[in-house]
Amino acid sequence: MKNTSLILDNYLEKAIRDNKNIVEILDYLLAEEAKTKKNRAVENQIKMSGFPYRKTLEQFDFDFQPSINREQICFFS
(Lines give C-alpha, C1' and ligand atoms only; values in the text may rest on other atoms or scores of the structure.)
Protein backbone atom coordinates (compact mmCIF):
# COMPACT_ATOMS: atom_id res chain seq x y z
CA MET A 1 0.00 0.00 0.00
CA LYS A 2 2.73 2.36 -1.02
CA ASN A 3 0.36 4.87 -2.59
CA THR A 4 -1.88 4.90 0.47
CA SER A 5 0.96 6.02 2.68
CA LEU A 6 1.57 8.96 0.33
CA ILE A 7 -2.02 10.21 0.31
CA LEU A 8 -3.25 9.16 3.74
CA ASP A 9 -2.49 12.29 5.79
CA ASN A 10 -3.92 14.79 3.33
CA TYR A 11 -6.97 12.68 2.59
CA LEU A 12 -7.75 12.07 6.27
CA GLU A 13 -7.66 15.80 6.95
CA LYS A 14 -10.05 16.40 4.04
CA ALA A 15 -12.30 13.52 5.14
CA ILE A 16 -12.58 14.96 8.64
CA ARG A 17 -13.45 18.40 7.23
CA ASP A 18 -16.06 16.85 4.92
CA ASN A 19 -17.44 14.65 7.71
CA LYS A 20 -16.85 11.39 5.81
CA ASN A 21 -17.58 8.09 7.50
CA ILE A 22 -15.13 5.20 7.74
CA VAL A 23 -16.72 3.29 4.84
CA GLU A 24 -16.31 6.27 2.50
CA ILE A 25 -12.72 6.76 3.63
CA LEU A 26 -11.81 3.10 3.12
CA ASP A 27 -13.61 2.99 -0.22
CA TYR A 28 -11.61 5.96 -1.48
CA LEU A 29 -8.28 4.67 -0.18
CA LEU A 30 -8.78 1.17 -1.59
CA ALA A 31 -9.93 2.55 -4.95
CA GLU A 32 -6.84 4.75 -5.15
CA GLU A 33 -4.60 1.82 -4.28
CA ALA A 34 -6.25 -0.35 -6.94
CA LYS A 35 -5.84 2.42 -9.52
CA THR A 36 -2.16 2.79 -8.67
CA LYS A 37 -1.62 -0.98 -8.87
CA LYS A 38 -3.30 -1.14 -12.29
CA ASN A 39 -1.25 1.79 -13.61
CA ARG A 40 1.96 0.18 -12.34
CA ALA A 41 1.01 -3.10 -14.05
CA VAL A 42 0.35 -1.30 -17.35
CA GLU A 43 3.68 0.52 -17.13
CA ASN A 44 5.49 -2.78 -16.48
CA GLN A 45 3.76 -4.42 -19.44
CA ILE A 46 4.75 -1.56 -21.72
CA LYS A 47 8.37 -1.81 -20.56
CA MET A 48 8.39 -5.58 -21.09
CA SER A 49 6.80 -5.31 -24.54
CA GLY A 50 10.04 -4.19 -26.12
CA PHE A 51 8.46 -1.39 -28.13
CA PRO A 52 11.17 0.84 -29.64
CA TYR A 53 9.47 3.95 -28.20
CA ARG A 54 6.22 4.93 -26.57
CA LYS A 55 3.51 6.68 -28.56
CA THR A 56 0.14 7.77 -27.19
CA LEU A 57 -3.08 8.69 -28.97
CA GLU A 58 -2.33 12.33 -28.21
CA GLN A 59 0.86 11.99 -30.27
CA PHE A 60 -0.75 10.19 -33.23
CA ASP A 61 -0.90 12.21 -36.45
CA PHE A 62 -4.48 11.71 -37.65
CA ASP A 63 -3.86 14.09 -40.56
CA PHE A 64 -1.23 11.70 -41.92
CA GLN A 65 -3.79 8.85 -42.03
CA PRO A 66 -7.14 10.49 -42.96
CA SER A 67 -8.93 7.14 -43.34
CA ILE A 68 -8.87 6.72 -39.54
CA ASN A 69 -11.90 8.22 -37.83
CA ARG A 70 -10.50 10.24 -34.91
CA GLU A 71 -13.85 10.38 -33.06
CA GLN A 72 -14.24 6.60 -33.22
CA ILE A 73 -10.72 5.95 -31.90
CA CYS A 74 -10.77 8.61 -29.19
CA PHE A 75 -14.25 7.59 -28.02
CA PHE A 76 -12.84 4.41 -26.51
CA SER A 77 -9.86 5.98 -24.81
*In the hydrophobic clustering (ILVMFWY, side-chain contacts below 4.5 Å, transitive), which residues join Phe64, or is it alone?*
none
*Excluding sequence neighbours, so at least two apart, what forms salt bridge (Lys or Arg N to Asp or Glu O under 4.0 Å) with Arg17?*
none
*asked:* Determine whether a donor-acceptor pair (N or O, by modelled atom type, separation under 3.5 Å) exists between the side chain of Glu13 and the backbone of Asn10.
replied: no
_Close side-chain approach of Ile68 and Phe60, heavy atoms under 4.5 Å_ = yes
_Distance check, rounded to the nearest 0.5 Å: Tyr28 atom OH versus Leu12 atom CG?_
10.5 Å
*Residues two or more places apart in sequence or in another chain: which of them pass salt bridge (Lys or Arg N to Asp or Glu O under 4.0 Å) with Lys20?*
none
_Nearest atoms (heavy-atom pairs only) where Leu29 meets Tyr11_ = CD2-CD2, 4.1 Å
_With Glu43 via salt bridge (Lys or Arg N to Asp or Glu O under 4.0 Å) - residues at least two apart_ = Arg54
*Could you work out the complete set of other residues in the hydrophobic cluster of Ile22, with links drawn between I, L, V, M, F, W and Y side chains under 4.5 Å apart?*
Val23, Leu26
_Run the side chain to side chain donor-acceptor pair (under 3.5 Å) test against Lys14 and tell me which residues pass, sequence neighbours left out._
Asp18
*Work out which heavy atom in Phe51 is nearest to a heavy atom in Ile46; give both atom names and the distance.*
CD1-O, 4.5 Å
_Just to verify, which of Lys38, Glu32, Glu33, Lys37 counts as forming a side-chain contact (heavy atoms from CB on, under 4.5 Å) with Lys35?_
Glu32
*Nearest atoms (heavy-atom pairs only) where Gln59 meets Lys55*: OE1-CA, 3.0 Å
